Amino acid sequence: MELKLYNSLTRQKQLFEPIDAKRITMYACGPTVYNFVHIGNARPAVVFDTVYRVLRSVYPKVIYARNITDIDDKIINKSNELSIDINVITKKYSEAYFDDMQALNTLTPDETPYATDHIPEMIEMVQALVDKGHAYATDSQNEADKGHVLFSVPSMPNYGELSKRNLEEQEAGARVEVAGYKQYAGDFVLWKPSTDNEPGWDSPWGRGRPGWHLECSAMIKKHLGDTIDIHAGGHDLVFPHHENEIAQSSCANDGKALANFWMHNGFINIDGEKMSKSLGNFRLVNDLLKQYPGEVLRYVILSAHYRSEQNFSKELLDSAWRTLDTVYGFIRGIDPQAAILNRTGEGYKALLDDINTPVAISELYRLAKAANQAQGAEQQSLMAELAGLADILGLLQQDPEQWFTVARGDDQLTTEQIEEQIQARQQAKQDRDFAKADQIRQQLLDAGVVLEDSREGTQWRRA
RNA sequence: GGCGCUGUAGCAAAGUGGUAAUGCAGUGGACUGCAACUCCGCCAUCGUCGGUUCGAUUCCGACCAGCGCCUCCA
């Protein structure tokens with residue numbers, strides 16, 4: 001039983017070999033909390049939650065950390081814009097994030113470090129970089145430029161390893177305005193000065209705040225170690241974010257690798273276009289949850305391989321919902337069984353092969369369908385295997401009866417009303433008044449309730 | 001200019017050097033008072049053109065069409 005993962009660093013799928021099989025360490029870049037998160041933020045959360053679940057099925061202990069970025073210029077801007085204290089904003093949106101992620105059935109990471117709780121660690125790392133000649137404080141001659149500390153990219157010979165970038169070759173097409181205080185165009189900020197009305201912390205270079213990349217490096221070192229097994233995030237973070245994290249950590253830790261495996265998820269587009277503010281096509285998880293169960297969103301995300309791009313659309317969501325209806329329909333009324341993971345099953349094997357969730361999901365469907373048709377011990381065994389696979393995918397965690405009967409969106413009828421109507425229809429059928437029976441059924445259908453007759457009676461579900 | 005990705009049925013999405021999983025939709029049939037559910041069946045030669053090979057959707061090359069990063073970004 002081997003786990004293979006695609007490693008962005010080597011650009012190939014390779015056998016996952018942990019540093020310490022008794023303690024797996026994994027870090028995923030979390031959100032900057034200045035707004036509700038959109039579906040694109042949900043993808044890494046769901047994907048790496050699944051990776052976490054797979055790892056836990058293989059190894060006895062996995063430490064998964066996902067940070068909250070609660071100090072950032074975007075947050076400061078929002079704070080100024082709305083004249084609301086920055087802490088109020090970060091509290092509100094970090095809580096909203098946790099709620100959304102729970103709706104997507106992601107497990108709570110073992111560590112949720114906040115950037116602002118790690119200022120001393122960050123300062124310490126900057127100091128180490130300065131001491132080792134990998135960083136420099138800007139000249140204090142010019143008052144405006146004073147107080148910056150920059151990472152010196154030329155001080156690191158193998159800079160660019162992750163993104164395979166050669167800074168010289170990029171200059172031709174790059175439109176980066178180079179700040180005057182930089183010694184080299186590619187140098188990036190470790191520490192920047194804060195004005196009096198900006199949040200800041202005292203440091204050897206004056207009152208200021210950390211640069212974007214620094215927190216991850218500092219928090220990884222503190223909570224997980226100098227070198228971790230897996231570092232994950234969205235594909236767009238490869239450069240510059242992760243590249244710079246590597247530079248900081250590696251140089252601060254005397255050349256040790258920051259992570260052995262780098263995993264990056266592909267983007268989510270909306271109706272064929274990238275989500276962007278100018279297009280106004282952001283899909284907030286919070287809004288989508290008003291129309292779809294969280295499980296539908298999770299299912300959609302896992303129905304494509306995590307490295308490929310995925311196009312979100314209403315059609316995709318509706319289709320996923322119908323599929324889940326079918327699957328829950330298969331197991332509705334069957335006694336649930338304690339989960340037993342079939343480690344030689346196709347679904348689990350697919351997950352071990354670079355987290356191939358689409359194949360695992362098709363196996364989930366196959367098992368549910370087979371359970372629907374089986375009887376007795378065979379059925380129990382299929383249900384146990386189904387539960388085992390479903391647990392790793394974080395799907396099918398609801399009671400099927402609930403899945404079908406909990407009101408969806410704008411449903412008007414209560415369960416009691418529906419069952420009353422079903423009784424009335426039953427009577428009409430017994431009286432062989434089919435016209436009336438059909439009329440009741442149609443009325444219910446118009447109200448979003450589908451009836452399913454069987455020898456045992458009438459079952460209903462919301463559609 | 002540099003780095004990189006994608007192109008498989010109406011939609012979604014796996015996959016393999018030996019004629020392509022799966023889901024949704026559609027469709028034929030069974031079941032049903034009629035439906036719904038369910039069951040049985042049908043529905044693609046894998047962007048184009050070359051090359052390698054006994055054989056390619058799968059390898060190589062070119063081309064076409066999309067797209068991402070290089071600036072905040074999941």
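Please read these numbers as outputs of a predicted model, since none were measured by experiment. In what follows, every heavy atom counts, from backbone to side chain, and hydrogens, waters and symmetry copies are set aside.
For the pair A:Ile301 CD1 and B:A12 P, the computed distance is 17 Å after rounding to whole Å. Note: CD1 (A:Ile355) to C1' (B:A14) measures 15 Å, nearest angstrom. Rounded to an integer number of Å, the gap from OH of A:Tyr159 to C1' of B:C70 is 11 Å. The CG atom of A:Asp318 sits 11 Å away from the P atom of B:A25 (whole-angstrom rounding). Taking atom NE2 of residue A:His213 and atom C1' of nucleotide B:C70, one finds them 13 Å apart after rounding to whole Å. The interatomic distance linking A:Asn244 (CG) with B:C69 (C1') rounds to 14 Å, in whole Å. Atom CG in A:Leu9 sits about 14 Å away from atom P in B:G4, given to the nearest Å.
A:Phe267 comes within 4.0 angstrom of a base, heavy atoms only. Residue A:Leu445 is out of contact with every strand shown, counting any heavy-atom pair closer than 4.0 Å. Nucleic acid contact class of A:Ser454 (heavy atoms, under 4.0 Å, all strands): none. When heavy atoms are screened at a 4.0 angstrom cut-off, A:Lys369 is found touching the sugar-phosphate backbone but no base atom. Residue-level contact check: A:Asn372 touches the backbone only, with heavy atoms under 4.0 Å from sugar-phosphate atoms and none from bases. Contact annotation for A:Gln459: no contact, since no heavy-atom pair falls under 4.0 Å across all strands. The residue A:Gly234 sits close only to the backbone: its heavy atoms come under 4.0 Å of sugar-phosphate atoms, none of a base. Backbone-only engagement by A:Arg322 is indicated by non-hydrogen atom pairs under 4.0 Å involving sugar-phosphate atoms exclusively. The residue A:Val450 sits close only to the backbone: its heavy atoms come under 4.0 Å of sugar-phosphate atoms, none of a base. Among the heavy atoms of the strands, none lies under 4.0 Å from A:Arg366. In this structure, A:Leu451 reaches the bases: a heavy-atom distance under 4.0 Å links it to at least one base atom across the strands shown.
Between A:His118 and A:His223, the ring-plane angle classifies as perpendicular under the 30° and 60° cut-offs.
For the salt bridge (Lys or Arg N to Asp or Glu O under 4.0 Å) test, residues two or more places apart in sequence or in another chain that qualify with A:Glu346 are A:Lys349. Under the salt bridge (Lys or Arg N to Asp or Glu O under 4.0 Å) criterion, A:Arg307 pairs with A:Asp354, sequence neighbours left out. With sequence neighbours excluded, the residues that form a side-chain contact (heavy atoms from CB on, under 4.5 Å) with A:Ser94 are A:Val33, A:Ile68, A:Phe98, A:Tyr114. By the ring-ring contact (aromatic ring centres under 6.0 Å, His included) test, A:Tyr97 is found to be paired with no residue, residues two or more places apart in sequence or in another chain being considered. Take A:Tyr328 and apply the ring-ring contact (aromatic ring centres under 6.0 Å, His included) test, not counting sequence neighbours, and it matches A:Trp403. Scored by the ring-ring contact (aromatic ring centres under 6.0 Å, His included) test, A:His231 finds A:Tyr27, A:His242, A:Trp262 as partners (sequence neighbours excluded). Scored by the side-chain contact (heavy atoms from CB on, under 4.5 Å) test, A:Lys274 finds A:Phe267, A:Asn269 as partners (sequence neighbours excluded). Not counting sequence neighbours, the partners of A:Phe36 by the ring-ring contact (aromatic ring centres under 6.0 Å, His included) test are A:Tyr93.
Judged by distance alone with a 3.5 Å cut-off, no donor-acceptor contact links the side chain of A:Arg307 to the base of B:C5.
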N/O donor-acceptor pairs under 3.5 Å from side chains in residues 366-374 of chain A, not counting sequence neighbours:
{"unit_1": "A:Arg366", "atom_1": "NH1", "unit_2": "A:Glu363", "atom_2": "OE1", "d": "3.0"}
{"unit_1": "A:Arg366", "atom_1": "NH1", "unit_2": "A:Glu363", "atom_2": "OE2", "d": "2.6"}
{"unit_1": "A:Asn372", "atom_1": "ND2", "unit_2": "A:Phe330", "atom_2": "O", "d": "3.1"}

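Checking B:A21, B:G68, B:C72 against the side-chain heavy atoms of A:Lys74 singles out B:C72 as nearest. For A:His38, the listed nucleotide lying nearest its side chain is B:A74; candidates were B:C67, B:A74, B:A14. Here B:A13 is the nucleotide among B:A13, B:G68, B:C69 with the atom lying nearest to any side-chain atom of A:Ala304. With B:U22, B:U38, B:A74 as the candidates, the nucleotide lying closest to the side chain of A:Phe330 is B:U38. Side-chain proximity of A:Glu452 to B:U22, B:C69, B:C37: nearest is B:C37. When distances are taken from the side chain of A:Ser308 to each of B:C69, B:G23, B:A14, the shortest belongs to B:A14. The nucleotide whose nearest atom lies closest to any side-chain atom of A:Asn356 is, among B:A14, B:G68, B:G4, B:A14. You'll find that the side chain of A:Asn265 is closest to B:A74, out of B:A74, B:A14, B:C24.
Rounded to a whole angstrom, the distance from the P atom of B:G41 to that of B:C24 is 15 Å. The separation of B:A9 from B:U48, taken at their P atoms, amounts to 10 Å, rounded to a whole angstrom. Using C1' as the reference atom, B:U16 and B:C59 are 13 Å apart when rounded to the nearest Å.
Both tests hold for A:Arg165 against A:Phe239: distance to the six-membered ring centre under 6.0 Å, angle to the ring axis within 45°.
The phosphate of B:C24 (OP1 or OP2) has a side-chain N or O of A:Tyr365 nearer than 4.0 angstrom. Side-chain N/O atoms of A:Thr326 include one lying less than 4.0 angstrom from OP1 or OP2 on B:C24.
Place A:Lys164 and A:Ile39 on RNA chain B by their nearest nucleotides, and A:Lys164 ends up nearer the 5' end. Heavy-atom distances to RNA chain B give each of A:Arg11 and A:Ile361 a nearest nucleotide, and the one nearer the 5′ end belongs to A:Arg11.
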query = salt bridge (charged side-chain N to carboxylate O under 4.0 Å, His left out) between A:Asp287 and A:Arg283: does it pass, once the steps are laid out?
reply = CA-CA 7 Å; A:Asp287 289 337; A:Arg283 292 290 181 281; over 6 Å; no
Could you list all N or O pairs between the protein and nucleotides 9-11 of chain B that sit under 3.5 Å apart?
{"unit_1": "B:C11", "atom_1": "O2'", "unit_2": "A:Glu315", "atom_2": "OE1", "d": "3.2"}

Any N/O pairs under 3.5 Å between the protein and nucleotides 27-34 of chain B? List them or say none.
{"unit_1": "B:G33", "atom_1": "N1", "unit_2": "A:Asp438", "atom_2": "OD1", "d": "2.9"}
{"unit_1": "B:G33", "atom_1": "N2", "unit_2": "A:Asp438", "atom_2": "OD1", "d": "3.3"}
{"unit_1": "B:G33", "atom_1": "N2", "unit_2": "A:Asp438", "atom_2": "OD2", "d": "2.5"}
{"unit_1": "B:C34", "atom_1": "O2", "unit_2": "A:Arg441", "atom_2": "NH2", "d": "2.4"}
{"unit_1": "B:C34", "atom_1": "N3", "unit_2": "A:Arg441", "atom_2": "NH1", "d": "2.8"}
{"unit_1": "B:C34", "atom_1": "N3", "unit_2": "A:Arg441", "atom_2": "NH2", "d": "3.3"}

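In RNA chain B, stems built from 3 or more consecutive Watson-Crick or G-U wobble pairs, each with both distances under 3.5 Å, span B:1-7 with B:64-70, B:10-12 with B:22-24, B:26-30 with B:38-42, B:47-51 with B:59-63.
A donor and an acceptor atom, one from each side chain of A:Gln427 and A:Asp431, are located under 3.5 Å apart. Side-chain polar atoms of A:Glu215 and A:Thr69 form a donor-acceptor pair below 3.5 angstrom.
For the pair A:Arg322 and A:Asp318, the salt-bridge criterion is not met [side-chain N within less than 4.0 Å of a carboxylate O].
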